Amino acid sequence: MKNIDWNEKGDGVIIIDQSLLPGEEKYIELTEPEEMYRAIKELQVRGAPAIGIFAAYALTALMRQELKPKAIRSCCGASGTSDEGFIQKLRTYGDLLRSSRPTAVNLGWAVDRVVHAARVEMFRARKEQPDRLNVNAGARRLAEAVKKEAEAIYHEDVEMCKSISRYGMEEMKRIAGEKGMEKMGILTHCNAGPLATSEYGTALGPLILASEEGTLDFRVFADETRPLLQGARLTAYELQKAGIDVTLICDNMASIVMKNGWVHACFTGCDRVAANGDTANKIGTSAVAILAKHYGIPFYILGPSSSIDRNCPTGSDIPIEERDPDEIREKFYEKPMAPEGVKCYNPAFDVTDHELITAIITEKGIIRPPFDKNL
Ligand code: MRU
């Protein structure tokens, strides 16, 4: 089953609840806008490309609900503004979903794409009957355009991840060949695998592909990724399921495995790449990149072109999400592990300076510095 799909009626979305993994593999159905908003905010669905796909699917489901007779009357009156009403409602839902998390650019990008698709359909209908005033495509036709766009976003992501995986695997082979190594070591942070995307994933894609191909001997060190443990709960789970040699480490152990000579490249995903190559990803990613530089280990960002934001000139322009301090103080512990009321700072992402990045691997190829020119 896909990680994100529509329910049978097409008026709700079904996702695997990532917040319960790896203990429980539970699929949940969401039909209300507020629960869809919460699903993103509470990381039941997470990972930059996945939240974009989810938003597009959620908007499709919500707009299909508008096709029910009562709802059609509420948003699409006989006044001739019904297409505008439909698009206004789509925008309102889109704004709600987009407000759930600020850092990953894919979320707003996907919302904008489906709104644009509905508008294009509205104008197409008007063009078909140029002699008439107040022409409406109608809610059914607009909802169909939204659905088609959501499907396109999903299928494009599948293809992008495959392509990223192939380029990433070639790079792994090149490094392994150059150094004549017997067993290659890759370190990854957070989770950028199938759960966070559509099929192969981005940072984990080359590893899964190389394992399927069986031509490269490698092992993976997965940072546990405090405070929400995406590395421990999701990356270790996905790699173990794929039969890959994975060793879980605490975030503060990255330095020792690098010093031991066990890591030959770092692969991480991205939530937003600025025009100059500065990259926001899960909190702690920049520390990995700084360590990698110290030990002379190449550091790669892997992500689809939908994660590149040309409207963000540098990393300082990327909004960084701050989350509930209780995620640090007490989440996952039986009892709070810090003095009651202690101040906490809990940014969910940090920005890795472009100077620390060896290359950015997208579906279009391996992009090396200077990133401001080559991206
Ligand atoms: O807070 P999360 O779990 O959504 O953060 C996810 C990451 O930082 C991933 O590395 C990133 O979104 C890339 S997913 C292909």
Side-chain angles (χ1 to χ4, degrees), residues 3-4 15-21 39-55 100-110 154 156-158 160-165 168 187-208 222-238 251 266-273 279-289 299-309 318-324 327-328 331 346-352 357 360-363:
N3 295 336
I4 301 167
I15 54 167
I16 186 162
D17 185 344
Q18 296 193 42
S19 68
L20 301 176
L21 287 170
I40 307 177
K41 183 135 190 104
E42 301 303 324
L43 276 58
Q44 289 176 302
V45 57
R46 52 147 295 286
I51 58 178
I53 296 166
F54 172 80
S100 57
R101 298 193 77 190
T103 303
V105 67
N106 314 58
L107 177 56
W109 167 86
Y154 169 76
E156 285 167 25
D157 194 67
V158 171
M160 289 194 284
C161 286
K162 273 191 201 149
S163 179
I164 291 166
S165 305
L187 185 138
T188 188
H189 189 79
C190 194
N191 172 264
L195 285 163
T197 59
S198 43
E199 281 180 11
Y200 275 79
T202 55
L204 301 192
L207 312 173
I208 296 173
D223 278 357
E224 67 172 352
T225 317
R226 281 275 291 151
L228 294 181
L229 305 180
Q230 289 90 335
R233 296 188 304 104
L234 308 174
T235 296
Y237 161 84
E238 286 187 321
D251 300 340
C266 301
F267 280 10
T268 81
C270 51
D271 287 83
R272 194 186 295 233
V273 179
T279 296
N281 191 50
K282 179 51 53 196
I283 188 72
T285 303
S286 68
V288 173
F299 177 89
Y300 295 89
I301 292 290
L302 297 94
S305 51
S306 53
S307 296
I308 300 171
D309 185 358
I318 301 177
I320 299 293
E321 175 184 4
E322 241 189 87
R323 295 184 64 86
D324 188 341
E327 290 179 350
I328 300 180
K331 200 172 167 91
N346 186 17
F349 300 94
D350 62 19
V351 173
T352 299
I357 300 170
I360 299 173
I361 304 183
T362 76
E363 75 279 8

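Residue numbers start at 1 and run along the sequence shown. Everything quoted here is computed from the prediction, not taken from an experiment. Note that ligands are numbered from 1 as they come in the structure, with each ligand's atoms numbered from 1 the same way.
Of the heavy atoms in Ala348, none comes closer than 4.0 Å to ligand 1. Contacts between Ala192 and ligand 1, counted as non-hydrogen atom pairs separated by less than 4.0 Å, involve both the backbone and the side chain. Under 4.0 Å from ligand 1, heavy atoms of Lys282 appear from its side chain as well as its backbone.
Nearest protein heavy-atom contact of atom 10 (O) of ligand 1 is Asn281 OD1, 2.7 Å.
Annotation for ligand 1: atoms under 4.0 Å from non-hydrogen atoms of Ala48 are 12 (O), 14 (S). Of all the atoms in ligand 1, the ones that sit under 4.0 Å from a non-hydrogen atom of Gln230 are 1 (O), 2 (P), 3 (O). Using a 4.0 Å cut-off to heavy atoms of Asn191, the atoms of ligand 1 that qualify are 9 (C), 10 (O), 14 (S). Annotation for ligand 1: atoms under 4.0 Å from non-hydrogen atoms of Arg101 are 1 (O), 2 (P), 4 (O). Taking every heavy atom of Asp271 and a limit of under 4.0 angstrom, the matching atoms of ligand 1 come to 7 (C), 8 (O), 9 (C), 11 (C), 12 (O).
For ligand 1, the polar-atom distance check against Thr197 finds no nitrogen or oxygen pair separated by under 3.5 Å. Distances between N or O atoms of Gly47 and those of ligand 1 include at least one value under 3.5 Å. Residue His189 has no N or O atom closer than 3.5 Å to an N or O atom of ligand 1. By the 3.5 Å distance cut-off applied to N or O atoms, Thr202 is not counted among the residues near ligand 1. Considering backbone and side-chain N/O atoms, Ala196 never comes within less than 3.5 Å of an N/O atom of ligand 1.
Residues Asn191 and Arg46 have side chains that bring a donor and an acceptor to within less than 3.5 angstrom of each other. Using a 3.5 Å distance cut-off with no hydrogens or angles, the side chains of Asp17 and Ser19 do pair a donor with an acceptor. Side-chain polar atoms of Asp350 and Ser286 form a donor-acceptor pair below 3.5 angstrom.
Between atom CD1 of residue Ile318 and atom CG of residue Asp271 there is a gap of 9.0 Å, rounded to the nearest 0.5 Å.
No heavy atom of Glu321 sits closer than 4.0 Å to any atom of ligand 1. Distances from ligand 1 to the non-hydrogen atoms of Ala104 include no value under 4.0 Å.
Asp309 has a carboxylate O that lies under 4.0 Å from a charged side-chain N of Arg272, or vice versa, which qualifies the two as a salt bridge.
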